[in-house]
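Inspection log for the structure reproduced underneath, given as structure tokens.
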Amino acid sequence: MTNQDTEGRMRVTSLGAALGAEISGIDLRESLSRGRADEILEAWRTHLVLVFRDQALSTEDQRRFAANFGTLHERRRGGTSFAKDKYGLYEGDPTIREDPNLMLVSNVRVDGKPIGAVADGDMWFHIDSGYSERPYRYTVLHAIKLPSSGGDTLFANMYKAYETLPEELKAKIAGRKALHIHEYKRTAKVDLSKDFSTSPHYFHPVVATHPETRRKSLFVDRLMTARIEGLEAQESEDVLARLFDHAERPEMIYAHKWRPGDVVMWDNRCVTHGRTDFPRQEERILRRCTIEGDPIQP
Ligand code: OGA
Ligand code: MN
């Protein structure tokens, strides 16, 4: 039997000229055949961000689904104090708080402390773990509870950003590396005048080649890319500012308006993402897992 006999037909609908596609006809709670997982990967390579609507994944479902695409990242630190009883989010699993494969993205507070990461407000464009030697290949985010407005996630097509750069700017960054630093902020430039040696940091090629598509993308982001190696400080500043502005132009962007039950997943090697502001007093809860990555290739 073919996949279609057993799994039904999967539909791929583009979400606009920049990037992104909605996939329908799949219940992500079911285990996928290898053929179906490959079909999804194929769509992922073409559209960079995939959206599945109306899913209801348990923690185990999310883990199983994501594991079709590589090795799940394990966090070293446990989570912060999760509100498992208050929200019933974890199917009564008291160990979820320490679950190393899953992370909450949430502003919900218990005893004054957020139960998840990147809690409040807007967030500049970034690459998940772009400051590490092996940035995550993929991020898989599942929406559980959302504010009445805002909190959209914006995705930028970094292939397109590279391809549409002025030649003179391409020449300035050709063959160079840039320093990425994680300072645990959401909307502030890295401060290079301070000692960052204890903050996670790494140099990556400014222009990356995707290991599967072999396409070139711009591998920098406004939140964490601090310095282009080999350029004078001021020139590095100027070039980075131009790269960020270019990569965040509307024609590079798909803006995702979340609905509860959405699963949105992106390829961190060719996509950056940011978030719009939302009311601080309204609760927002998403559950995230990530797939281990590899060194970024020039
Ligand atoms: C993330 C992230 C954006 C959002 O989970 O890595 O950046 O919209 N989330 O919460
Ligand atoms: Mn992120």
Side-chain angles (χ1 to χ4, degrees), residues 15 19-20 48-53 57 59 62-63 66 69 72-73 75 77 79-80 82 89 99-109 114-132 134-158 180-188 190 200 204 219-225 244 247-248 253-280 282-293:
L15 290 168
L19 73 165
L48 323 190
V49 174
L50 298 182
V51 173
F52 301 80
R53 299 282 193 180
L57 304 187
T59 54
Q62 185 168 357
R63 216 189 268 105
F69 307 108
L72 294 179
H73 173 69
R75 290 180 303 138
R77 283 186 304 158
T80 43
F82 280 179
L89 289 176
D99 190 315
N101 296 135
L102 297 166
M103 183 182 101
L104 286 184
V105 171
S106 186
N107 63 343
V108 172
R109 285 168 165 80
I115 62 171
V118 290
D120 302 298
D122 54 334
M123 205 178 176
W124 283 3
F125 279 86
H126 63 279
I127 299 159
D128 287 339
S129 81
Y131 48 82
S132 72
R134 296 164 175 267
Y136 305 139
R137 192 179 296 174
Y138 302 121
T139 304
V140 179
L141 198 55
H142 184 32
I144 294 165
K145 187 163 190 194
L146 299 165
S148 57
S149 66
D152 303 342
T153 308
L154 312 180
F155 296 96
N157 181 338
M158 299 305 274
H180 298 241
I181 309 177
H182 186 24
E183 292 196 319
Y184 303 94
K185 293 179 179 147
R186 288 183 297 100
T187 53
V190 172
H204 293 293
F219 197 81
V220 294
D221 68 67
R222 189 179 293 277
L223 186 59
M224 296 192 240
T225 311
F244 302 151
E248 295 170 17
I253 307 287
Y254 162 66
H256 186 70
K257 290 202 174 297
W258 291 93
R259 300 198 314 228
D262 286 352
V263 172
V264 177
M265 53 195 214
W266 61 91
D267 184 333
N268 284 297
R269 300 165 294 183
C270 51
V271 173
T272 62
H273 60 285
R275 182 171 76 194
T276 65
D277 204 3
F278 58 96
R280 195 187 162 92
E282 292 189 35
E283 299 188 332
R284 187 175 187 272
I285 308 173
L286 303 99
R287 197 204 287 137
R288 182 179 111 158
C289 59
T290 46
I291 299 296
E292 293 287 6

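Order of listing sets the numbers, starting from 1, for every ligand and every atom in it. Keep in mind the model is a prediction, meaning the values are calculated, not measured. Just the heavy atoms: all of them, side chains too, but no hydrogens, waters or symmetry mates, feed the values below.
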For [atom], what is the closest protein heavy atom, and at what distance to 0.1 Å?
atom                   : value
atom 4 (C) of ligand 1 : R275 CD, 3.3 Å
atom 8 (O) of ligand 1 : T153 OG1, 2.5 Å
atom 9 (N) of ligand 1 : L141 CD2, 4.0 Å
atom 2 (C) of ligand 1 : H273 NE2, 3.7 Å
atom 1 (C) of ligand 1 : R288 NH1, 3.5 Å

Protein N/O/S atoms under 2.8 Å from the Mn ion (ligand 2): how many? 3

Are more than 12 heavy atoms from other residues, nucleotides or ligands located less than 6.0 Å from atom CZ of R53? yes

May I ask you to check whether over 12 heavy atoms, not counting those of K257, lie within 6.0 Å of atom NZ? no

Sub-3.5 Å donor-acceptor pair from the side chain of H204 to the main-chain atoms of S132, do we have one? yes

Can you check whether D120's main-chain N or O pairs, donor with acceptor, with R186's side chain at less than 3.5 Å? yes

Any idea which heavy atoms bring I127 and M224 closest together, and the distance? O-CE, 3.9 Å

Give the numbers and elements of all ligand 1 atoms closer than 4.0 Å to a heavy atom of H126. 7 (O)

Quick check on contacts: which atoms of ligand 1 are under 4.0 angstrom from a heavy atom of V105? 5 (O), 10 (O)

Does a side-chain heavy-atom distance below 4.5 Å link W266 with L141? yes

Taking the side chain as C-beta and beyond, is there a heavy-atom pair between N107 and F278 under 4.5 Å? yes

Strictly by modelled atom types, are T187 and D122 linked by a side-chain donor-acceptor pair under 3.5 Å? no

Distance only, no hydrogens: is a donor on one side chain within 3.5 Å (strictly under) of an acceptor on the other, for D128 and T139? yes

Can you list everything that forms a ring pair (Phe, Tyr, Trp, His ring centres under 6.0 Å) with H73? Sequence neighbours excluded, please. Y136

Ignoring angles and geometry beyond distance, decide whether [X] reaches within less than 3.5 Å of ligand 1 through its nitrogen or oxygen atoms.
X    : answer
D128 : yes
W266 : no
T139 : no

Would you check whether M103 reaches within less than 4.0 Å of ligand 1, judged by its heavy atoms? no

Judged by non-hydrogen atoms, does R284 sit under 4.0 Å from ligand 1? yes

Supply the atom-to-atom distance R288 CZ to S106 OG, rounded to the nearest 0.5 angstrom. 13.5 Å

For a ring pair (Phe, Tyr, Trp, His ring centres under 6.0 Å) check, start with the C-alpha distance between W124 and H126, then their side-chain angles and the critical distance, and finish with the verdict. CA-CA 6 Å; W124 283 3; H126 63 279; over 10 Å; no

